[in-house]
Amino acid sequence: MDNTKKAHIIVVSNEKGGTGKSTISMHLAIKLLQEGFSVATVDMDGRQGTLSRYIENRQSFCEKNHLSLPMPAHFKFEPQENYSLIPADRGRVCHEISKLITNYDALIIDTPGNKNYLFEEAHKFADTLITPISDSLIDLNVLSEIDFEAGRVGKPGHYASYIWDVKKYLASQGKAYLNWIVTGNKISALNSRNKNIVFEYLEKLSKLYGFRICSGLKDRVIYKELFLEGLTVLDMQNNDLKRRMSVSHIAAKREIRALAESICPEA
């Protein structure tokens, strides 16, 4: 009997910056830790390092306040600038992630907002792919070219085309299914026409490209505030923090729970 642990690998990715990948990565990590899973986070965007700073802020906050909050093991990779060294570094990164898979229940990989070799290596390991998208019509372009006046869906966008290649690669490696979830992030609380159009088209595209939709996270100031202390809305229930849960905290906690539940494919 093979008792080797094999982590479920969650890749949080969009070929576009500023979609809130690090916020989602951190909240998912804490959610899984609170449920008793061993979790490692991997920052593949080590040069910008938003997720790494989030973790550092959390470590610093815990030390200053003598707190013991759930903390994922964290790893960071920065892209090699010397092109001649990239093939070797690609192999090193692949080797390091392969080692992590046997040591944790879940691995959450935060990717760069642009496609480079670290971005590509992350997708090769994906069991679940989470793609955050805002309620901007421009953001839909990464998934598909759309003629909004005519109401027609055109050819796949650059990111959707890339994910099709990823699915073919994973299938060649014996992984027949990629649990791809497109989730709203930084979504306006207002019932705007733009937001409705975005989600209408996401419904159409989900059938064409094989992803599921999660309503995701609204655009809340608390996410930005919590980043500075390295906290998440899930930490607010900790008695040692002595923080009062606001209505916004409670609503945000529900959003995170819904996203975490979406990770498990429907039977």
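If you're wondering where the values come from, they're calculated on a predicted model, not measured in any experiment.
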Sorted by chain and number, sequence neighbours left out, salt bridge (Lys or Arg N to Asp or Glu O under 4.0 Å) with Arg53 holds for none
Evaluate the criterion side chain to side chain donor-acceptor pair (under 3.5 Å) for residue pair Asn238 and Arg243; output intermediate values, then yes/no.
-> CA-CA 8 Å; Asn238 189 304; Arg243 301 281 179 94; over 6 Å; no
Could you tell me whether Glu35 and Lys31 have a side-chain N and a carboxylate O separated by less than 4.0 Å?
-> yes
Does Lys175 reach the main-chain N or O of Lys124 with its side chain, forming a donor-acceptor pair under 3.5 Å?
-> no
From Asn239 atom CG to Leu241 atom CG, the distance as rounded to the nearest 0.5 Å = 9.0 Å
So, do Gln48 and Pro112 sit near enough that their side-chain heavy atoms are less than 4.5 Å apart?
-> no
Assess whether side chain to side chain donor-acceptor pair (under 3.5 Å) is satisfied between Ser60 and Asn57, documenting all intermediate values.
-> CA-CA 5 Å; Ser60 177; Asn57 291 346; over 6 Å; no
Donor-acceptor contact below 3.5 Å, side chain Thr111 vs main chain Val12 | yes
Say whether, by atom type as modelled, one donor and one acceptor occur between the side chain of Tyr159 and the main chain of Ser144 under 3.5 angstrom.
-> no
Rounded to the nearest 0.5 Å, how far does CD1 of Ile130 lie from CD1 of Ile109?
-> 12.0 Å
Under 3.5 Å: donor-acceptor pair, side chain of Ser161, backbone of His158 = no
Start with the C-alpha distance between Glu225 and Leu231, add both sets of side-chain angles, then the distance that settles side-chain contact (heavy atoms from CB on, under 4.5 Å), and finish with yes or no.
-> CA-CA 9 Å; Glu225 294 174 343; Leu231 299 176; over 6 Å; no
From CA spacing to verdict: side-chain contact (heavy atoms from CB on, under 4.5 Å), His27, Leu217 = CA-CA 11 Å; His27 277 77; Leu217 314 185; 5.8 Å; no
Side-chain donor/acceptor of Asn14 to backbone N/O of Thr131, under 3.5 Å = no
For the side chain of His8 and the backbone of Asp127, is there at least one donor-acceptor N/O pair under 3.5 Å apart?
-> no
With distance as the sole test, does Asp139 use its side chain to make a donor-acceptor pair with the main-chain N or O of Ile133 at under 3.5 Å?
-> no
Could Lys21 and Asp43 be called an ion pair, given the rule that one side-chain N must be under 4.0 Å from one carboxylate O?
-> no
Honestly, is Lys224 close enough over Phe227, meaning NZ or CZ under 6.0 Å from the six-membered ring centre and within 45° of the axis?
-> no
May I ask you to decide if Thr232's main-chain N or O and Asp235's side chain share a donor-acceptor pair within less than 3.5 Å?
-> yes
Flag side-chain contact, heavy atom, 4.5 Å: Asp110 against Thr41 | no
N/O donor-acceptor pair under 3.5 Å between Gln34 side chain and Leu234 backbone = yes
Kindly state whether the ring of His123 and the ring of Phe119 have centres lying under 6.0 angstrom apart.
-> yes
What's the verdict on side-chain contact (heavy atoms from CB on, under 4.5 Å) for Asp219 and Asp135, showing C-alpha distance, side-chain angles and the deciding distance?
-> CA-CA 10 Å; Asp219 189 14; Asp135 52 4; over 6 Å; no
For the side chain of Tyr117 and the backbone of Gln80, is there at least one donor-acceptor N/O pair under 3.5 Å apart?
-> yes
